[in-house]
Participant: 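Questions regarding the structure given below will be posed in turn.
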Amino acid sequence: MGSSFANNGAVNGESAGVGRRDLIRRSAALGLVSVPAIGFLSACASSGAGDEDKAEAGKKTAKNPLAVNETAQMEFVLFDGGFGKEYAEDAVKIYEQNFPKAKLKFSATQKIQSTLQPRFNQGTPPDLIDNSGAEQMDMGVLVGKKQLADLTPLLDAPSYDDPAKKVRDTLRPGIVEMGQFDGDPVWIMYYAYTVYGVWYSQKALDSLDAAYPETWDEMLAVCEKARKKGMAGWTYAGKYPYYIPFSLYPMIGKVGGREVLDAIDNLEPNAWKHPAVKACFEAYYELYKKGYILKGTPGLDHIQSQTAWAEGKALFIPNGSWVENESAKVIPADFDLAVSAPTGIDSSDKMPFGTIWASGGEPFVVPAKAKNGSGGMEQLRIMLSEASSRNFTAKVKSLTAYNGGTDGITLTPGLKSGVVALEKAGDNVLNPRMQDWYVQLQKEQIGVGGLGEMMAGRLTPVEAINKIQGYADAAAKDTSIKHYKHQ
């Protein structure tokens with residue numbers, strides 16, 4: 001992703017009869033996680049290069065507020081995913097123009113964890129990392145092991161465009177808070193601003209003479225209409241079923257209130273046994289039971305499922321706003337891409353229709369042991385300028401953390417739909433934290449071990465809930481990992 005989600009070790013649990021090593025072996029067989037991830041937990045705190053290897057500070061000026069060493073090398077490693085790398089390359093050129101004597105090393109990879117884990121272990125990490133994708137390093141572990149630099153100096157620095165404004169004052173609501181885990185320090189800068197939900201072709205929906213369904217009975221009726229036209233109601237990334245929560249989590253919040261999602265994030269006892277969770281699991285399971293899931297979906301990866309959906313084989317897909325760019329080559333010109341907040345159960349839901357999950361995506365970090373951490377932060381300051389933000393939005397069809405940057409851009413259908421969805425949501429925006437607090441729990445266990453098995457028909461909703469609650473309980477009791485709570 002731009003597809004932003006990951007796998008790593010954050011739970012030791014032997015819960016529900018599945019040991020961690022068995023789980024990781026099974027996930028590796030699916031191509032979900034690389035086996036070296038096990039070593040990251042024990043090794044990432046090891047030392048290597050010390051402060052003596054860090055670049056000396058440069059001269060602090062109005063144009064160089066972070067006192068970047070103008071001749072020091074700056075290394076930037078980007079996740080090469082749904083957003084591509086051109087936007088970052090453009091921002092790198094600005095850094096090079098501003099610091100012509102500096103050597104800048106830029107690279108892009110899809111294998112963040114396996115490429116960078118050894119360098120963290122050796123104490124020689126890059127200066128800036130886009131920590132995303134299927135091999136994302138576990139954020140909770142990185143923070144807990146003190147492997148990341150506090151980005152407060154960046155946030156308190158003058159913004160690139162207006163020295164009268166701090167960087168923090170130019171960001172969208174919630175971005176700073178997302179980068180916090182426990183207290184005031186900010187460990188992560190989420191660069192993209194992602195709208196999660198149910199994505200579909202408005203043209204296809206119109207062909208069924210249907211409106212987007214607001215209740216689950218309406219959803220089932222639309223799926224039946226689609227089936228009669230030879231189209232499945234839903235597909236999803238069956239090999240990576242942690243995509244399912246992109247629409248399922250905000251549905252749970254809509255039905256039961258945001259406090260249900262907070263309890264899940266906080267690993268509270270029996271949080272997964274809340275009636276809202278049961279109602280939503282049963283609703284999704286009904287899609288499987290009634291045959292509304294595209295045949296073969298459990299065997300599809302994210303690209304294959306998105307391609308089938310773009311080809312009109314399925315009407316709905318749970319995803320994030322990177323999908324418009326990631327699937328640009330297969331989405332027809334007249335597709336009329338749209339996104340909606342999740343369908344609810346009925347009028348008894350706690351929150352109104354339009355309640356959506358929107359939050360920062362593409363997590364950028366500066367390692368604590370970076371040789372030129374100031375350079376890494378300066379690169380982020382450049383990226384958070386209006387020009388770089390506008391460039392990103394124009395090229396990858398997604399908003400950024402910068403609160404603006406859309407002036408003069410003709411919004412693409414998906415991006416335009418996302419903006420409309422955010423306006424409709426108003427204050428009813430949810431931000432589940434499971435995916436960045438407990439990556440292994442979210443991906444390998446809730447995703448693969450629970451939701452993936454349920455949607456493939458191998459677990460009932462009750463069995464899936466019990467299994468997931470077991471995983472969550474094991475994580476809550478695991479003293480080897482840092483635990484986080486909503487403040």
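Nothing fancy with the numbering, it's 1 onward along the sequence. Just so we're clear, the structure is a prediction, and the values are computed from it rather than from any experiment.
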Participant: Ignoring hydrogens and angles, tell me if any N or O in the side chain of D161 forms a donor-acceptor pair with the backbone of S385 under 3.5 Å.
Facilitator: no

Participant: Kindly check if the number of other-residue, nucleotide or ligand heavy atoms within 6.0 Å of NZ (K146) is above 12?
Facilitator: no

Participant: Would you confirm whether N325, through its side chain, and G82, through its main-chain N or O, come within 3.5 Å as a donor-acceptor pair?
Facilitator: yes

Participant: Can you see which heavy atom on D80 is nearest to which on A108, and at what distance?
Facilitator: CB-CB, 3.9 Å

Participant: Would you say the side chain of L300 lies within less than 4.5 Å of the side chain of T235, judging by non-hydrogen atoms?
Facilitator: yes

Participant: Can you find a pair of side-chain heavy atoms, one from Y193 and one from S398, that are under 4.5 Å apart?
Facilitator: no

Participant: If only atom types and distance count, is the side chain of T115 paired as donor or acceptor with the main-chain N or O of K111 below 3.5 Å?
Facilitator: yes

Participant: Report yes or no: does T307 contribute a side-chain atom to a donor-acceptor pair with the main-chain N or O of I303 at less than 3.5 Å?
Facilitator: yes

Participant: Treating Q469 as the side-chain partner and W272 as the backbone partner, does any N or O pair qualify as donor plus acceptor under 3.5 Å?
Facilitator: yes

Participant: Rounded to the nearest 0.5 Å, what separates atom CG in L104 from atom CD in Q379?
Facilitator: 6.5 Å

Participant: Could you state the interatomic distance from CD (Q122) to OG1 (T124), rounded to the nearest 0.5 Å?
Facilitator: 4.5 Å

Participant: Is there a side-chain contact between L267 and D473 in this structure, where contact means two heavy atoms from C-beta onward sitting under 4.5 Å apart?
Facilitator: no

Participant: Calculate, to the nearest 0.5 Å, the distance between atoms NZ and CD belonging to K485 and E268 respectively.
Facilitator: 6.0 Å

Participant: Does the side chain of S321 reach to within under 4.5 Å of the side chain of V339, using non-hydrogen atoms?
Facilitator: no

Participant: Parallel, tilted or perpendicular: which fits the ring planes of F181 and W437, with parallel below 30° and perpendicular above 60°?
Facilitator: tilted

Participant: For the pair S389 (side chain) and G405 (backbone), establish whether a donor and an acceptor sit closer than 3.5 Å, ignoring hydrogens and angles.
Facilitator: no

Participant: Evaluate Y249 against C280 for side-chain contact (heavy atoms from CB on, under 4.5 Å), listing each step before the verdict.
Facilitator: CA-CA 9 Å; Y249 280 0; C280 294; over 6 Å; no

Participant: Flag the pair E89 and K395 as a salt bridge only when some basic side-chain nitrogen lies within less than 4.0 angstrom of an acidic carboxylate oxygen.
Facilitator: no

Participant: Minimum heavy-atom separation for T152 and D184, please, with both atom names.
Facilitator: OG1-O, 4.5 Å

Participant: What are the two closest heavy atoms between Q73 and N372, and how far apart are they?
Facilitator: O-ND2, 3.1 Å

Participant: Apply side-chain contact (heavy atoms from CB on, under 4.5 Å) to M189 and M383, showing your working.
Facilitator: CA-CA 11 Å; M189 174 54 64; M383 290 169 65; over 6 Å; no

Participant: Cut-off 3.5 Å, no hydrogens considered: what does the side-chain donor-acceptor table look like for residues 427-434, sequence neighbours left out?
Facilitator:
residue : atom : partner : partner atom : Å
N428    : ND2  : A425    : O            : 3.4
R433    : NE   : D436    : OD1          : 3.2
R433    : NH2  : M178    : O            : 2.5

Participant: Does this structure show an ion pair linking E386 with R390, if we count only N-O contacts that are shorter than 4.0 Å?
Facilitator: yes

Participant: Aromatic rings F246 and Y243: how do their planes relate, parallel, tilted or perpendicular, breaks at 30° and 60°?
Facilitator: tilted

Participant: Using a strict cut-off of less than 4.0 Å between a Lys/Arg side-chain nitrogen and an Asp/Glu carboxylate oxygen, indicate whether R168 and D156 qualify as a salt bridge.
Facilitator: yes

Participant: Ignoring hydrogens, what is the shortest heavy-atom contact between F392 and L399? Give both atom names and the distance.
Facilitator: CE2-O, 3.6 Å

Participant: Do side-chain atoms of N131 reach the backbone of V365 as a donor and acceptor pair under 3.5 angstrom?
Facilitator: no

Participant: Do E324 and T412 have side-chain atoms, one donor and one acceptor, less than 3.5 Å apart?
Facilitator: yes

Participant: K54 and A370: which non-hydrogen atoms are nearest, and at how many Å?
Facilitator: NZ-O, 2.8 Å

Participant: Nearest 0.5 angstrom please: I382 CD1 to Y160 OH, how far?
Facilitator: 5.0 Å

Participant: Look at the rings of Y438 and Y484 and say which category their plane angle falls in: under 30° parallel, 30 to 60° tilted, over 60° perpendicular.
Facilitator: tilted

Participant: Does K254 reach the main-chain N or O of M351 with its side chain, forming a donor-acceptor pair under 3.5 Å?
Facilitator: yes

Participant: In Å, rounded to the nearest 0.5 Å, how long is the span from CD1 of I129 to OG1 of T109?
Facilitator: 11.5 Å

Participant: Let me see the working for E75 and K371 under side-chain contact (heavy atoms from CB on, under 4.5 Å), right down to the final yes or no.
Facilitator: CA-CA 9 Å; E75 184 180 2; K371 290 184 179 179; over 6 Å; no

Participant: Would you say that S359 contacts T194 through its side chain, given a criterion of any heavy-atom pair below 4.5 Å between the two side chains?
Facilitator: no

Participant: Can you check whether Q136 reaches V439 side chain to side chain, under 4.5 Å on heavy atoms?
Facilitator: yes

Participant: Might you work through the side-chain contact (heavy atoms from CB on, under 4.5 Å) test for Y191 and Y402, ending with a clear yes or no?
Facilitator: CA-CA 8 Å; Y191 186 64; Y402 176 80; over 6 Å; no

Participant: Taking only residues two or more places apart in sequence, or in another chain, which ones meet P269 in a side-chain contact (heavy atoms from CB on, under 4.5 Å)?
Facilitator: none

Participant: Which atom names give the shortest non-hydrogen contact between N391 and Y87, and what distance separates them?
Facilitator: ND2-CA, 4.1 Å

Participant: Side-chain contact, heavy-atom cut-off 4.5 Å: F83 with E362?
Facilitator: yes

Participant: Please name all residues satisfying salt bridge (charged side-chain N to carboxylate O under 4.0 Å, His left out) with E378, sequence neighbours left out, ordered by chain then number.
Facilitator: R381

Participant: Mind running ring-ring contact (aromatic ring centres under 6.0 Å, His included) on Y190 and F364 for me, showing each step along the way?
Facilitator: CA-CA 6 Å; Y190 286 90; F364 283 75; 9.5 Å; no

Participant: Just so I know, are the side chains of N64 and F99 near enough to count as touching, which here means a heavy-atom distance under 4.5 Å?
Facilitator: yes

Participant: If we ignore angles and hydrogens, is there a donor and acceptor under 3.5 Å between the side chains of Q306 and N319?
Facilitator: yes

Participant: Look at the rings of F106 and F76 and say which category their plane angle falls in: under 30° parallel, 30 to 60° tilted, over 60° perpendicular.
Facilitator: perpendicular

Participant: With distance as the sole test, does N266 use its side chain to make a donor-acceptor pair with the main-chain N or O of H486 at under 3.5 Å?
Facilitator: yes

Participant: Spell out, as yes or no, whether a donor-acceptor pair under 3.5 Å connects the side chain of Q304 to the backbone of D301.
Facilitator: yes

Participant: Would you give the length of the straight line joining atom CE of M137 to atom CD of E135, rounded to the nearest 0.5 angstrom?
Facilitator: 10.0 Å

